[in-house]
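Residue numbering restarts at 1 for every chain, and letters A, B, ... go by the order of the sequence lines. In this text the structure is predicted, and so the values were computed from the model without any measurement.
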Amino acid sequence: MENFFNPELYLPEITIFFGSLLCIVIGAFSKNKKYSKVYILSLFTLLISGCFILFSDISFEGSSNIFVNTIFTNIVKLFVISISIGILYVSHGYIKNNKLNLFEYPILLLFAILGMLFMVSANDLLLLYVSIELQSLSLYVLVALNRDSLKSSEAALKYFILGSIASAIILYGISMTYSITGSTNYEVISSFIFDKSNFLLSSFGLILILSGLAFKLSAAPFHMWTPDVYEGAPSSVTTILITLPKIVVLVALIKLLNKPFFFFESLWQQIIITITVLSMAVGSIAALRQENIKRLFAYGTIANIGYVLVGIISNSALGLSSAILYLVIYTLASLGVFSFIMMLRKENTQILKLQALAGFSQSNSLAAVCMIILLLSMAGIPPFAGFFAKFYIFVSAVESNFLFLAIIGVIFSVISAFYYLKIIKIMYMDNQDDSSSFELDNRMFLFLIVVSIAMLIFIFFANDLISFINSLNIRNK
Amino acid sequence: MVSFPILSSIIITPLIGAIIALFVKGEEKAISKNLRELALWTSLVELVLVIILIIQFDYNNSAFQFIEKKGILNKFSISYHLGVDAISLIFILLTTFLFPFCFFYTKLSIKFRTREFVIAMLFLEALTIGVFCSLDIVLFYIFFESLLIPMFLIIGIWGGKNRIFSSFKFFLYTLAGSVFFLISIIFMAYTSNTTSIVELDNYYFDVYIQKWLWFGMFLSFAIKVPMWPFHTWLPDAHVEAPTIGSMILAGILLKVGGFAFLRISLPILPEASSYFSTFVVFLSAIAVVYTSLVAFAQTDIKKLIAYSSVAHMGYVTAGIFSLTEIGIQGSLFQMISHGIVSAGLFLSIGILYERTGSRILKDYNLLIKSMPIFSVLFIILVLSSVGLPGTSGFIGELLVVLGIFKNFLIFGIFVSTGIILGAIYMMSLVRKIIFTIDKDIIETALIDLKGLEISLMLCLVAFTLLLGLYPNIILGFTEISTINLLTNFK
């Protein structure tokens, strides 16, 4: 308890908190160029906060009762912050082009990141809940950023209502767990002795919390909101939705399952197996007939979350690190894909129809080659990064005697290869309908190239990255 | 010279060519000419490298040679592990031998987007050689599967009318098989904790596990070969692929499946291989008879040749799983011979297609009159395809049938009927397009072969005859490796 007010523990979070307050003040009181000022300030805030993690002792491990820092959480936070810097950097052109340059955008993102950082470190169910809410509420508003667009507002409303229900369900689950164990703290719950008399109620608590988190992860069967929200939200916000919350919720899930609910391992394994299989099935099959790029990748996300969860089910050191590896590669690839989507403009309008990409390779061969690499990587075709991600996931499944999950996984990866190929087909094999050319933004293009090179040469660095992830000691037992 | 990484340089050379191709600039016509020259020279350099490799190779030694090893992943100590024995060497030779032909022919066949085509082809060459060289099973898989990407693009971009359907069918069908191979690999690596093919050869898997592993791999390889009933992607792919794509597909990519049986299934899983051998020979016998009958019913020449490919690959799988030295030697020979002959046949169809834009049997008659040189060369290729003594096809089929008769008498009878059936449909093809005079149709007056076409076809025909007359070039070369392959079975 004596550590509770140790500021060193919260340094990155405090930075972001005060940075975002400062941003609000600047945004509210400055006369002109509100967006640019806030944008630059928020980038600085994130940079400083990242530097605090990087240059203070990264292996600094400290904890208060409800807030635990380990190497693993530090690295995850660093990753989250760098990804969000990347998103802010890349989406700049998109925001400008679509006249979304409201100063609220960076501020809300900062608040969401604040929630995420707390979530990663949370060691208490209530802190977990509060941080999920902080993140979600900011994201609800972000989805509605384009307030003049009917779709954006509809998506935000849908996201808000369903998301609130999910949060309420999590809270309900927490209250059930509390009623049995008398505490919300992870350590206390994990040392609590469950027996037959309280097993049913506490497993209900677990199931409710799991369902709520599965909603946030957009894992089937809690995925219904995903395509609509991803489609309706501005692409820069979709980029945020598709990457950051997935990372942190997954990390929170890993901690939750391994600490307070470790006793229920056989139970939650069953539940997550169902979720995994459904996610892979829904994600792969429903994406087949999508005509809208964002909807397609929304379903792609659902399938990918399914693969990540396979790593969590096996719950071995290898399983968890392969899940993290998959998540890292998936996040990078999604960033690349979404910078591509944000880049697609013709005659001052964003392109969202797949068919509009016809003949893309002839006019922009470099971007098309980058997309081939990204898409094949997502489809898990060697020698690209995505193959190694899937390979490790399947290895972990086989080693933990979940051979059938590996088999189901490979079958759905063949099915999902179809829609990735479909995009390649449209870009390379269809003929262009009209003569207007794409206006490509330099930042996004650069980002696309960097990401696809990373996917291409991953094979040379795979070993180092994997040993690094292994050294993080994710389970922290 | 020993430490020089010659296998790596053989794999990398086409990639370097592909990278240079990215930067070729100039006027449009000059670009495509330069690109073609670049690709051609790259493939010729490649051929020279492989010939150096063969000269250096010690074929009295059955162990893998020119070994290179470098770790990729710590898990299962997956490594970049290359090495060749005589079996892989003849496939490498076949690959590097066929690619220059394709690049020579590019000028006539590929009319647009030459840059992408050349790059895809060079990648294809590098990856194929990678498959034949790799001694690590994960590395093998990486090469094996990434082959699909350039081939998918070649069919999909430069193919015929229905190219998109065919390219998707090709990709997804093959991928669906490959993923089971991946599961088998993971399970094998998990059980034995190694992925090196050399070490796996000496590792003993439980017979029950062997059977499952074998089956997972079989799905993948059988689709690649392709064996009946997994062959349906091949006719589609062939019909739609550009001529060069068909030549590579029939000439080299089909051999990857057969090679995989020899390199992985047989040595690593010997008990399962002999357990399933009857099954495979049975499927192959069906393939030979059934696809010959199907080929007889085709009206599209390219489809006919495609089905004949399936039938010929039936001999290959039957020979491999006869598990006799003579059978395996026969299938190796048959693969090489088929590589050359089918490339030649698809080249001939391509030449006809260039002239008329049609692949339908009925559109051609009495070619002997208008295209005498073509007709002669085509007939020799057809005769080789049906296994006339003196041509390369004869040796392969004969050895395979002898091998099957040793172990499986009844299937041997079936497979040998296939030889006659093959003669029936190929000869009727020749009769219909070269000799028939149909009074209703005006005879097709076509220009005979030009300089480049003559030399390409003549060269292929010459090699067919050479192999038919001196089969020991190959048989003597691979003998020791084949005997070594069968040591696990005694």
Side-chain angles (χ1 to χ4, degrees), chain A residues 318 321-322 361-362 365-366 368-369 372-373 375-376 379-384 387-388 390-401 403-422 424-430 459-467 470, chain B residues 22 70-80 112-113 115-116 119-120 127 130 138-150 152-153 155-159 163-165 167-168 170-191 193 212 216:
Chain A
L318 176 71
S321 41
S322 56
S361 71
Q362 265 134 320
S365 49
L366 184 58
V369 169
I372 284 203
I373 294 174
L375 293 169
L376 291 178
I381 309 290
F384 306 115
F387 166 72
F388 292 94
K390 280 199 173 138
F391 179 74
Y392 268 86
I393 288 282
F394 297 145
V395 168
S396 76
V398 170
E399 291 204 348
S400 316
N401 288 322
L403 183 63
F404 72 99
L405 276 179
I407 292 174
I408 294 174
V410 293
I411 290 173
F412 283 117
S413 79
V414 174
I415 295 176
S416 60
F418 177 81
Y419 57 77
Y420 294 123
L421 285 184
K422 194 169 91 175
I424 297 179
K425 171 217 126 188
I426 291 171
M427 289 196 301
Y428 271 85
M429 302 171 194
D430 288 0
I459 185 167
F460 300 110
F461 305 100
N463 209 19
D464 298 325
L465 186 61
I466 291 159
S467 341
N470 276 332
Chain B
L22 276 177
K70 196 173 178 307
I72 304 179
L73 297 175
N74 290 338
K75 183 84 201 162
F76 306 135
S77 56
I78 295 168
S79 52
Y80 176 75
F112 60 100
R113 295 171 92 173
R115 189 194 304 273
E116 282 98 331
I119 293 173
L127 296 173
V138 174
L139 188 69
F140 182 94
Y141 181 81
I142 290 174
F143 282 125
F144 187 78
E145 187 137 319
S146 37
L147 273 182
L148 298 180
I149 306 166
F152 169 73
L153 293 175
I155 298 176
I157 299 179
W158 294 276
R163 61 186 194 276
I164 288 162
F165 169 76
S167 56
F168 270 69
F170 162 74
F171 194 101
L172 294 174
Y173 211 127
T174 331
L175 183 66
S178 302
V179 292
F180 291 102
F181 179 31
L182 180 64
I183 296 285
S184 292
I185 289 177
I186 292 176
F187 199 83
M188 236 154 60
Y190 165 59
T191 331
N193 207 23
W212 282 105

Peer 1: Tell me, side chain or backbone of I459(A) under 4.5 Å from chain B's heavy atoms, or both, or neither?
Peer 2: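 When you check distances to chain B, atoms from both the backbone and side chain of I459(A) fall under 4.5 Å.
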Peer 1: What part of L376(A) is in contact with chain B, defined as an atom under 4.5 angstrom from a non-hydrogen atom: side chain, backbone, both or neither?
Peer 2: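 Contact with chain B: side chain only.
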Peer 1: More than 12 heavy atoms of other residues, nucleotides or ligands under 6.0 Å from CZ of F112(B): is that the case?
Peer 2: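 Counting neighbours around CZ of F112(B), more than 12 heavy atoms of other residues, nucleotides or ligands fall under 6.0 Å, so yes.
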Peer 1: Looking at side-chain heavy atoms only, is the closest gap between F181(B) and V410(A) below 4.5 Å?
Peer 2: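 Side-chain contact under 4.5 Å: no.
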Peer 1: Is there a side-chain contact between L73(B) and Y392(A) (heavy atoms, below 4.5 Å)?
Peer 2: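 Yes, side chains in contact.
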Peer 1: I need the single residue from I164(B), L172(B), I149(B) that forms a side chain to side chain contact (heavy atoms under 4.5 Å, CB included) with L421(A). Which is it?
Peer 2: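 So the option named by the test is L172(B).
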Peer 1: For E116(B), give me all partners under salt bridge (charged side-chain N to carboxylate O under 4.0 Å, His left out), at least two apart in sequence or on another chain.
Peer 2: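 Here the qualifying residues are R113(B).
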Peer 1: So which atom in L175(B) and which in A417(A) form the shortest heavy-atom distance, rounded to 0.1 Å?
Peer 2: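 In this case the closest contact between L175(B) and A417(A) is CD2-CB, 3.5 Å.
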Peer 1: Any side-chain heavy-atom pair from S167(B) and M429(A) closer than 4.5 angstrom?
Peer 2: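 Yes. Closest side-chain heavy atoms under 4.5 Å.
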Peer 1: K390(A): what forms a salt bridge (charged side-chain N to carboxylate O under 4.0 Å, His left out) with it, not counting sequence neighbours?
Peer 2: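 With neighbours one apart ignored, the set is empty.
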Peer 1: For I466(A), which atoms come within 4.5 Å of any heavy atom of chain B: side chain, backbone, both, or neither?
Peer 2: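 The answer is the side chain of I466(A).
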Peer 1: How many angstroms lie between CG in L182(B) and CD1 in I407(A), if you round to the nearest 0.5 Å?
Peer 2: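 Going from the CG atom of L182(B) to the CD1 atom of I407(A) covers 11.0 Å.
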Peer 1: How many angstroms lie between OH in Y190(B) and CG in N401(A), if you round to the nearest 0.5 Å?
Peer 2: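 Spacing of OH (Y190(B)) from CG (N401(A)) equals 5.0 Å.
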Peer 1: Parallel, tilted or perpendicular: which describes the rings of F391(A) and F76(B), with under 30° parallel and over 60° perpendicular?
Peer 2: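 F391(A) and F76(B): perpendicular rings.
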Peer 1: Below 4.5 Å, heavy-atom pairs only: which of I411(A), I372(A), I381(A) has the largest tally toward chain B?
Peer 2: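 Looking at each option in turn, the highest pair count goes to I381(A).
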Peer 1: For F387(A), which atoms come within 4.5 Å of any heavy atom of chain B: side chain, backbone, both, or neither?
Peer 2: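 Side chain of F387(A) only, per the 4.5 Å heavy-atom cut-off to chain B.
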